[in-house]
Amino acid sequence: MKKIARFLSVLFISVLSSISIKAGDIEDAIYFSLRGLPPFPVDKSNYFQQNPDAIRFGGKLFFDTDFSFSGDVSCASCHFTNSRFIANESIPAGQSRNFRMVMQITGAAYNRFYFWDGRIDSLWAQALEPIEHPDEHNLQRHEAVKYVVNKYAKDLDTLMAQSDGYQKHLMLVHHWLTSQNQSLPIESINHVFALIGKCLAAYQASLPIDRTMWDEVAIAKINNQPLTLIQEKIWQGFNIFKGKGRCSACHDGPLFTDFSFHNTAMPTVSVLGIEVGRYRVLPEIQDLEFGCHSIYSDAGKDDCLHLKYLNKRIEENFGAFKTPTLRGINNKTRFGHAGQFSSLKAMIEHYNAPPIGTHGKLINQQSLSELQPLSLTEQEKGHLITFLEAL
Ligand code: HEC
Ligand code: HEC
């Protein structure tokens, strides 16, 4: 369907445009830039996703360092640096977190699955993991709920006035907090905990996506304006990205990701050995404690289509990791889910002459890697890097 739409628009644009622009240039410039960004998809599992009060409250929580055991960790500690929403690489990707690098939250609301292996199926449920993780906020669930109910009583009241569903649970939590020796109302605690995640998700989904140098180039192309010298190089890099380099096969669209999972023969980290990635998390994903199908989700019976049409084929999931967005990649110094490469140049060499990939041998195949050798010239690699740096 997408292909047909693109073909028709190429046809349309090529009839209209002047001879100086190649057919398809304008449409590609739109397709891969902020101009082509669709509105955020509605997450039916989160009733509060677009609620302005939830967005405001989620924003306060995102930056609140008191919302942690040590009193100095917030979501922003790892996801907001130099006054921008970029990953803080000074936070080590240690053994306890499986050496996983901090991810970008740019455009996070467009994803269907979260984390490098996609083990969580919504943005609100994702936010709950770091709160309890011993190397992150390190809070016990009831402590997290207690803190929020006490400190953000007003914000919660405002939200409660807009939804009947949570009032009962908040009341039970209040009752537990005020009476002595009362056992934990576990289900109500979970509901309020889920609400915290939903507000954090609402906030993240409200964040605008930075307009970058690449978007300027795309706009100049769309408006048929002449490019500066550096813009011309960026454009040439883009042509390699979507052409000979085959990068757009996975890094697709304005966020440069297909939101899917691929085996790209990434080098193993010695202490971790061979990682099965996406494949390991698939058996549990239909029944996550805070998943789309759970009682804490606001989705209707037929709203969890990303779970219904899940790709479980071993060949496509074994050793596969999520295609990350490439927006803001210039702010990173380490690349890959475990920071396997320390420069864009090294990353491109990996794609240019990819290794066979160890995972296939575990299921009696030569390789499961989807990569093919590219034979890029030094100049083409240079243009590609210039393009990536403009994202
Ligand atoms: C100590 C650092 C740290 C803190 C604190 C932290 N994160 Fe993260 N975040 C990470 C790491 C590391 C990953 C990737 C982990 C993985 O894949 O196993 C990640 C992944 C994510 C993702 C997934 C993005 C994607 O595309 O899949 C989102 C969204 C996110 N974090 C939001 C949050 C929110 C919201 C909070 C606060 C509740 C938070 N993070 C707290 C380090 C942190
Ligand atoms: C078959 C799908 C696929 C193709 C083709 C592909 N990528 Fe990737 N890319 C991925 C996946 C998946 C990852 C994450 C791999 C991991 O860490 O395990 C990734 C990671 C990256 C990263 C690191 C991002 C980060 O945040 O750490 C960069 C940079 C990158 N790719 C650039 C490119 C370029 C440039 C090309 C073309 C030469 C390309 N990719 C082709 C799927 C692909």
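Atoms within each ligand, like the ligands themselves, are counted from 1 in listed order. Fair warning: this is a prediction, and the values are worked out from it, not measured in the lab.
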Numbered atoms of ligand 1 (with element) below 4.0 Å of Val73, judged on heavy atoms: 5 (C)
Protein contact to atom 35 (C) of ligand 1 [nearest heavy atom, distance to 0.1 Å]: Gln204 NE2, 3.3 Å
Top protein contact for atom 17 (O) of ligand 2, by heavy-atom distance: His337 N, 2.6 Å
Protein heavy-atom partner closest to atom 26 (O) of ligand 2 - residue, atom, separation in Å: Lys332 NZ, 2.8 Å
Donor-acceptor under 3.5 Å (Asp215 side chain, Thr212 main chain): yes
His133 heavy atom under 4.0 Å from ligand 1: no
Asp135 N/O under 3.5 Å from ligand 1 N/O: no
Within-2.8 Å protein N/O/S contacts of atom 8 (Fe) of ligand 1: His79 NE2
Proximity of Thr325 to ligand 1 by residue part, where a heavy atom lies under 4.0 Å: neither
Identity and distance of the protein heavy atom lying nearest atom 12 (C) of ligand 2: Phe321 O, 3.2 Å
Lys322 touching ligand 2 at heavy-atom level, < 4.0 angstrom: yes
Sidechain N-carboxylate O distance under 4.0 Å for Asp298, Lys44: no
Those residues that, when tested against Lys146, pass salt bridge (charged side-chain N to carboxylate O under 4.0 Å, His left out) (two or more places apart): none
Tyr114 six-ring centre to Lys322 NZ/CZ under 6.0 Å and within 45° of normal: yes
Heavy-atom nearest option to atom 5 (C) of ligand 1, drawn from Ala205, Gly58, Gly118, Ser74: Ser74
Shared-cluster residues of Leu255, by chain and number - hydrophobic side chains joined below 4.5 Å: Leu34, Leu37, Phe40, Tyr110, Ile209, Phe259
Non-hydrogen atom of Asn88 closer than 4.0 Å to ligand 1: no
N/O donor-acceptor pair under 3.5 Å between Asn88 side chain and Phe80 backbone: no
Sphere of radius 2.8 Å around atom 8 (Fe) of ligand 2 - protein N, O or S atoms inside: His251 NE2, Tyr351 OH
Minimum heavy-atom distance between Gln372 and Pro354, given as atom pair plus value: C-CG, 3.8 Å
Atom 27 (O) of ligand 2 - nearest protein heavy atom and its distance: Gly336 N, 2.7 Å
